[in-house]
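By convention in this document, chain letters (A, B, ...) are assigned in the order of the sequence lines, proteins followed by strands, and residues within each chain are numbered from 1.
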2 protein chains.
Amino acid sequence: MYCGRVVRTKDPAVRTLLIERAAHMLRTREPITLRTLVAGTGVSTMAVYTYFGGMEGLWQAMRQEGFTRLAEALDQVATTADPVRDLAALGAAYLTNALASPDLYRVMFDAAFALENPAAADETLHCLVRTAERAKEMGRFRSDIDPLSLATQTWVIGHGLVSLVATGPLPREALDHGIAILTALFVSCGDAPETAHRSVTEGWRL
Amino acid sequence: MYCGRVVRTKDPAVRTLLIERAAHMLRTREPITLRTLVAGTGVSTMAVYTYFGGMEGLWQAMRQEGFTRLAEALDQVATTADPVRDLAALGAAYLTNALASPDLYRVMFDAAFALENPAAADETLHCLVRTAERAKEMGRFRSDIDPLSLATQTWVIGHGLVSLVATGPLPREALDHGIAILTALFVSCGDAPETAHRSVTEGWRL
DNA sequence: GCCATAACATAGCACTGTTATGTATTGTGG
DNA sequence: CCACAATACATAACAGTGCTATGTTATGGC
């Protein structure tokens, strides 16, 4: 059996260089095109095709990078003895991360990436689910509460808030609505109203 | 003082023709470009510039059209004796309208249209606010509830749901989470849990 | 040391939105 | 009534886009 010879290997440094340059151009609001991306880097336009298979592949890589950073940001949220506070803090971290780089956020949730990487969504939800489970085990939530559903609902609230604020319709102060909605949601899960309100306002530090 | 003469007037029919054709191409997933848009219509590419000032102007007109249709869809929601049900129905109508034409929805909330037409958002919120006021007057909500805030929160929930479902991360069944979140929100406003649940499930017909 | 194969560079293609330029049309003031 | 000025519209060109065809260079296994 003939095994084809592998003769040249891609340089991973070039790949990360392009991604970081694209991320930088995204931050500085420069339009990212094939030619502006490679300009000044010394590499030619073909590099985008050998490393990403085209511009769409680069955007996919950017989305992956965005989800990775989001997961890191959520992981850095402190775990305290109050899981309800932590759940609100995770929501706040979601907002902070998204509003810190709204352009990357827009790329992440750009349409037409359906099912491209369904694991990314689950990964994002994972720490939310664990925190919800913890709150349930501590007796803050009723035993019939589904942690995954609650995590999803928390995500929905955070995403709706940051979407409407980032794209313009709602002013930045509207983020405070998150406190009321989350508190109502957690109370409906069995937490005591005063306790829930205190935990949420404590975790909701933007 | 010299007043310039107005000698030729634009034909409004051409404007609506282009908008409707663009809307149709949006529905049929055809890529909308300057040339594909005017192809077959008999008008030349310059028409887009005389009527919209360019492609960006056409997208703005599309957004306006989208918000107008959304307002009409919300206006068609029946007003019953149960304002809490109506509030949930408005949320459901928002989802239905958005998912019926997800591409138009994406255009509407496309980024970089910040403050382009801030009245559009208020217009969208208006019937939500009125319904919230009605529920408050009927004693379903506490007297300290701010209808505008509650309407905004309802909008945030609906928008978060439809965004995550339309762009892929969440499956369509996730729309059912709206019932739990809205019920929790309305209960937090003073409505009785059983009554709120019944009203929301009644209004939440997708 | 071959030499097949991948990495890379160059030039061109079809397409995009936009604009410059020329023509046709039309309402109105004299 | 009608000449004219200003607008609507058509044609063609321009700069820029992503992408691909083609040629060149470099490299690692036999």
Side-chain angles (χ1 to χ4, degrees), chain A residues 1-26 28-63 103 106-107 110-113 116, chain B residues 1-26 28-63 103 106-107 110-113 116:
Chain A
M1 171 181 187
Y2 175 72
C3 303
R5 321 180 191 180
V6 175
V7 289
R8 273 187 90 180
T9 58
K10 297 183 195 176
D11 185 3
V14 175
R15 186 189 155 89
T16 63
L17 175 106
L18 287 178
I19 287 186
E20 284 184 9
R21 173 158 170 80
H24 178 261
M25 294 177 73
L26 210 57
T28 56
R29 296 286 201 287
E30 301 170 71
I32 299 180
T33 76
L34 179 64
R35 290 170 176 80
T36 61
L37 179 65
V38 302
T41 63
V43 306
S44 85
T45 62
M46 279 305 294
V48 176
Y49 288 85
T50 59
Y51 287 100
F52 303 100
M55 285 302 278
E56 183 51 37
L58 183 129
W59 292 118
Q60 284 189 23
M62 296 287 289
R63 279 191 280 266
D103 305 279
R106 192 187 324 147
V107 172
D110 197 15
F113 87 104
E116 160 192 313
Chain B
M1 174 179 187
Y2 175 72
C3 302
R5 320 182 192 178
V6 175
V7 288
R8 273 187 91 181
T9 58
K10 298 182 195 176
D11 184 3
V14 176
R15 185 188 157 91
T16 64
L17 175 109
L18 287 177
I19 286 185
E20 283 184 10
R21 173 159 170 80
H24 178 261
M25 295 177 72
L26 211 58
T28 56
R29 296 288 201 286
E30 301 170 71
I32 300 179
T33 76
L34 178 64
R35 288 170 178 79
T36 60
L37 179 65
V38 301
T41 63
V43 307
S44 84
T45 60
M46 279 305 294
V48 176
Y49 287 83
T50 59
Y51 287 100
F52 303 100
M55 285 303 278
E56 182 50 37
L58 182 127
W59 292 118
Q60 284 189 23
M62 297 287 289
R63 279 191 281 266
D103 306 278
R106 192 188 321 146
V107 171
D110 196 16
F113 88 104
E116 160 192 314

Whole angstrom is fine here: how far is it from [atom1] in [X] over to [atom2] in [N]?
| X | N | atom1 | atom2 | value |
| --- | --- | --- | --- | --- |
| L34(A) | dC8(C) | CG | P | 15 Å |
| E56(B) | dT19(C) | CD | P | 13 Å |
| F52(B) | dG17(C) | CZ | P | 14 Å |
| W59(A) | dG18(D) | CH2 | P | 9 Å |
| L58(B) | dT18(C) | CG | C1' | 15 Å |
| I32(B) | dG17(C) | CD1 | C1' | 14 Å |
| R15(B) | dC9(D) | CZ | C1' | 18 Å |
| M55(B) | dC15(C) | CE | C1' | 13 Å |

> Under 3.5 Å, is there an N or O donor on one side and an acceptor on the other linking the side chain of R35(B) and the base of dG17(C)?
Replying inline: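 Present.
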
Look at all strands and tell whether [X] reaches a base, only sugar-phosphate, or nothing, counting heavy atoms closer than 4.0 Å.
| X | answer |
| --- | --- |
| V43(A) | sugar-phosphate |
| M46(A) | base |
| G42(A) | sugar-phosphate |
| T33(B) | sugar-phosphate |

> In terms of the nearest nucleotide of DNA chain C, which residue is placed more toward the 5' end: T36(B) or T45(B)?
Replying inline: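 This one resolves to T36(B).
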
>> Under the criterion side chain to side chain contact (heavy atoms under 4.5 Å, CB included), I'd like the reasoning laid out for Y51(A) against V14(A): C-alpha separation, chi angles, the key distance, then a yes or no.
In response: CA-CA 8 Å; Y51(A) 287 100; V14(A) 175; 3.4 Å; yes

> If you check every side-chain atom of S44(A), which of dT11(D), dC19(D), dT10(C) has the closest atom?
Replying inline: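 Given the options dT11(D), dC19(D), dT10(C), the side chain of S44(A) is closest to dT10(C).
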
> For L37(B), does its backbone N or O pair with a side-chain atom of R21(B) as donor and acceptor, under 3.5 Å?
Replying inline: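 A pair under 3.5 Å: yes.
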
> So, is Y51(B) near the phosphate of dA8(D), with a side-chain N or O under 4.0 Å from OP1 or OP2?
Replying inline: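 Checking dA8(D) against Y51(B), no side-chain N or O comes under 4.0 Å of OP1 or OP2.
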
> Is any side-chain N or O of Y49(B) closer than 4.0 Å to OP1 or OP2 of dT19(C)?
Replying inline: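 No, no such contact exists.
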
Look up atom [atom1] in [X] and atom [atom2] in [Y], then write down how far apart they are to the nearest 0.5 Å.
| X | Y | atom1 | atom2 | value |
| --- | --- | --- | --- | --- |
| T28(B) | D103(B) | OG1 | CG | 9.0 Å |
| M62(A) | I32(A) | CE | CD1 | 5.0 Å |
| D110(B) | Q60(B) | CG | CD | 11.5 Å |

